[in-house]
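The analysis underlying the following values was restricted to heavy atoms, covering all of them including side chains, and did not include hydrogens, waters or symmetry mates.
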Amino acid sequence: MTVMIRDLEIGDAGWLIERHAVLYAREEGFDASFEALVADILADYIRSRDPATERAFIAVEGEERLGSVFCVQSGEPGIAKLRLFLLVPDARGRGLGQR
């Protein structure tokens, strides 16, 4: 099956919060405050993103979400910030970060 890259859709934010919380706790030892941080970042993005300069990139294969990265304004003119990097373990090593 082909991996597609698409923008944020309904249901993605909840999935991203849960996956970030579980994976970062398991792999990096993060606590529940990280889950709240991810929720805050996503809520702010959904409420106030500038579609002309900001975008979510969600990797999917069929109906399965594989990962994400967001390109947002950094606060400095002409400088972007990448946020919410995530790739589920089963999708790692497939070269998706190069797309």
Side-chain angles (χ1 to χ4, degrees):
M1 196 170 283
T2 303
V3 175
M4 304 296 294
I5 307 295
R6 62 165 172 75
D7 205 347
L8 191 71
E9 294 182 358
I10 299 296
D12 289 339
W15 179 83
L16 284 166
I17 294 165
E18 185 271 341
R19 288 286 71 205
H20 271 84
V22 170
L23 290 175
Y24 277 78
R26 182 183 318 144
E27 296 175 0
E28 305 295 334
F30 286 29
D31 65 16
S33 66
F34 184 67
E35 186 171 8
L37 174 64
V38 172
D40 288 344
I41 292 168
L42 280 159
D44 183 55
Y45 177 86
I46 291 166
R47 286 187 188 113
S48 61
R49 89 171 179 127
D50 177 357
T53 60
E54 298 178 306
R55 174 129 193 266
F57 298 89
I58 309 297
V60 296
E61 189 170 43
E63 296 295 315
E64 182 181 2
R65 296 174 184 103
L66 303 177
S68 69
V69 65
F70 285 58
C71 183
V72 299
Q73 295 181 31
S74 71
E76 292 185 44
I79 307 267
K81 183 186 329 184
L82 298 177
R83 308 285 310 258
L84 302 172
F85 292 98
L86 179 80
L87 196 57
V88 297
D90 289 345
R92 295 175 186 167
R94 295 174 54 186
L96 295 176
Q98 299 173 10
R99 294 190 55 191

**Q.** Stepwise side chain to side chain contact (heavy atoms under 4.5 Å, CB included) test for Leu87 and Val69
**A.** CA-CA 9 Å; Leu87 196 57; Val69 65; over 6 Å; no
Task: Minimal non-hydrogen separation, Ile17 against Glu35, with atom names - done: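 Taking Ile17 first and Glu35 second, the nearest heavy atoms are CG2-CG, 3.7 Å.
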**Asked** Any idea which heavy atoms bring Ala59 and Val3 closest together, and the distance?
**Response**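 In this case the closest contact between Ala59 and Val3 is CB-CG1, 4.3 Å.
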[X] versus [Y]: any side-chain heavy-atom pair under 4.5 Å?
X: Ser68; Y: Arg19; result: no
X: Pro51; Y: Arg49; result: yes
X: Arg6; Y: Asp12; result: yes
X: Lys81; Y: Cys71; result: no
X: Thr2; Y: Glu61; result: no

Check: After noting the C-alpha distance and the side-chain angles of Glu9 and Ile58, does the key distance pass the side chain to side chain contact (heavy atoms under 4.5 Å, CB included) rule?
Finding: CA-CA 9 Å; Glu9 294 182 358; Ile58 309 297; over 6 Å; no
Tell me whether [X] contacts the main-chain N or O of [Y] through its side chain, where contact means a donor paired with an acceptor under 3.5 Å.
X: Asp44; Y: Ile41; value: no
X: Ser74; Y: Ile79; value: yes
X: Glu54; Y: Gln73; value: yes

Check your understanding: In a check of side-chain contact (heavy atoms from CB on, under 4.5 Å) between Arg65 and each of Leu16, Leu86, Val60, which one passes?
Key ->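 It is Val60; the other options fail the test.
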Supply the atom-to-atom distance [X] [atom1] to [Y] [atom2], rounded to the nearest 0.5 angstrom.
X: Phe57; Y: Met4; atom1: CZ; atom2: CE; result: 13.5 Å
X: Asp50; Y: Arg55; atom1: CG; atom2: CZ; result: 14.0 Å
X: Tyr24; Y: Leu37; atom1: OH; atom2: CG; result: 11.0 Å

Do Ile46 and Leu84 sit in one hydrophobic cluster, given that two such residues count as connected whenever their side-chain heavy atoms are within less than 4.5 Å of each other, even indirectly?
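Yes; tracing contacts between hydrophobic side chains, which count when under 4.5 Å, links both residues.
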What about Phe70 and Tyr45, are their ring centers closer than 6.0 Å?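 Yes: the rings meet the under 6.0 Å criterion.
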Should the pair Phe34 and Phe30 be assigned to parallel (<30°), tilted (30 to 60°) or perpendicular (>60°) ring geometry?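 Judged by the thresholds at 30° and 60°, the geometry between Phe34 and Phe30 is perpendicular.
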